[in-house]
Q: 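Dropping the structure in here first, questions after.
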Amino acid sequence: MMLPTATATAVFLTAAPSSFSTRRRRSRAIFASLSPSFSASEEPLLVRAARGEDGLPRPPAWMMRQAGRYMAEYQALAKRHPSFRERSENTDLIVEITLQPWRAFAPDGVILFSDILTPLPAIGVPFDISDSKGPVIQSPVRSKEQVRELVPIDLDMLQFVGESLKILRNEIDGKAALLGFVGAPWTIATYIVEGGMTNTYTNIKSMCHTAPDVLKGLLSHLAQAISDYIIYQVNSRAQCIQIFDSWGGQLPPHVWEQWSKPYIKQIVSRIKKECPNVPLVLYINGNGGLLERMKNTGVDVIGLDWTVDMTDGRRRLGNGISVQGNVDPAFLFSPLPVLTDEIHRVVKAAGPKGHILNLGHGVLQKTPEEAVAHFFDVTRRLRYDTLFQGSVAEELHHVA
């Protein structure tokens, strides 16, 4: 039986590593020093940057895989709760894990601890998670009959997501943006068709040619379900949503244009009608060949992985859309001055508007927590007016 949140949190805190109290004192000092732009009466910095607002003091920052295995506190909790499904489907555990990096590092974005496959049982696709194989779907969907057996998403089965978001919004109290997330239809479909993880994507790629109607039916069903799921997260007080098309980069660009983009556009179009004030971020791993196509989905922010030069990405996308990224996660294993220089380089390349600082992918296992703390400390000290001092005058002189 699920413990009341306050009781569960007390249990977690009692069992936390000894270093936790030190980090919490440090985070309290950080929270106390936050500028007035973080007050609950205004929208968080991250949301404003996602919309491309002018006049922000610095870029906001968060990290993909922000909560997880690199943190000693998470590892201790995982030993007590070894099932990932339990950790990601129990309200008290979700809240605690989500808040671990928030308390330790005070990022500008707090992202729900969950998984892109979490909503699958709610549409009639049960799955398990194996320690050795990852997600396992015993009955891959590869026929018209199986697609017809899928059901509209049952949001009652996902109440732990909505409850967690509401609790988290109150906990962070306007000092950061609360992010929800979903998987894109193509990426979710790869798991459903392949039956789990794959390195080749042969079954789903062949379906594009051997069973296109089946694949279209599956992707359409997923687009509807994911749209409903986003709206549910927004109604549960998420302030920004990231769409992960993690395996979209495994497609040739013209194939992504046909088999992924239309379904993302369908989602974006509906969300823009029903939740017009909520920014949408689109991230694809290996997206260097897709940037212009990604922009045409209608999202507010394009996430760049670390293989794309930020200067080149800005040039290709233009200033009319915000960008997110894209420090190589491996830089967090470098000496801290090297990490500082890379953060400055990325921020300067992104420019003083419409940039959310992030990694180009998720935090790696065994990343030193000291480096994560440094990443956020450096970002908090950044000021656009200092970084870009004289750049306007130089540009005007060049034009003259």
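Worth knowing before you read on, the calculation uses all heavy atoms, side chains too, and leaves out hydrogens, waters and symmetry mates.
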Q: Could you tell me if His355 and Ser322 have a donor-acceptor pair between their side chains, going purely by distance under 3.5 Å?
A: no
Q: One thing to verify: whether Glu342 and Arg345 come together as a salt bridge, which I'm taking to mean a side-chain N less than 4.0 angstrom from a carboxylate O.
A: yes
Q: Any donor and acceptor pair, going by atom type alone, linking the side chain of Arg87 with main-chain N or O of Pro82 inside 3.5 Å?
A: yes
Q: List the steps, then state whether side-chain contact (heavy atoms from CB on, under 4.5 Å) holds for Thr98 with Ile111.
A: CA-CA 7 Å; Thr98 302; Ile111 188 164; over 6 Å; no
Q: Any side-chain donor paired with an acceptor under 3.5 Å for Gln324 and Gln242?
A: yes
Q: Under a 3.5 Å threshold, yes or no: a donor from one side chain and an acceptor from the other, between Asp245 and Ser260?
A: yes
Q: Honestly, is Arg381 close enough over Phe376, meaning NZ or CZ under 6.0 Å from the six-membered ring centre and within 45° of the axis?
A: no
Q: For the backbone of Pro135 and the side chain of Asp128, can you confirm whether one donor and one acceptor N or O come within less than 3.5 Å of each other?
A: no
Q: Using the rule given for side-chain contact (heavy atoms from CB on, under 4.5 Å), can you reason through Gln100 versus Gln66, listing the C-alpha separation, both sets of side-chain angles and the distance that settles it, and then say yes or no?
A: CA-CA 9 Å; Gln100 285 177 349; Gln66 190 163 269; over 6 Å; no
Q: Count the heavy atoms belonging to other residues, nucleotides or ligands that lie under 6.0 Å from CD of Glu370, then report whether that count exceeds 12.
A: no
Q: Is Arg58 salt-bridged to Asp385, going by a charged N under 4.0 Å from an acidic O?
A: no
Q: Take a 6.0 Å sphere around CZ of Arg316 and say whether it holds more than 12 heavy atoms from other residues, nucleotides or ligands.
A: yes
Q: Apply the test salt bridge (charged side-chain N to carboxylate O under 4.0 Å, His left out) to residues Lys166 and Glu163: give CA-CA distance (whole Å), side-chain angles for both, the deciding distance (0.1 Å), then the verdict.
A: CA-CA 5 Å; Lys166 291 172 184 175; Glu163 292 170 358; over 6 Å; no
Q: Classify the side-chain pair Thr118/Ser114 by whether it contains a donor and acceptor separated by less than 3.5 Å.
A: yes
Q: Can you pull the ring-ring contact (aromatic ring centres under 6.0 Å, His included) pairs that have at least one residue in residues 53-78, sequence neighbours excluded?
A: Tyr74-Phe113
Q: For Glu43, which of Lys175, Arg48, Arg51 qualifies under salt bridge (Lys or Arg N to Asp or Glu O under 4.0 Å)?
A: Arg51
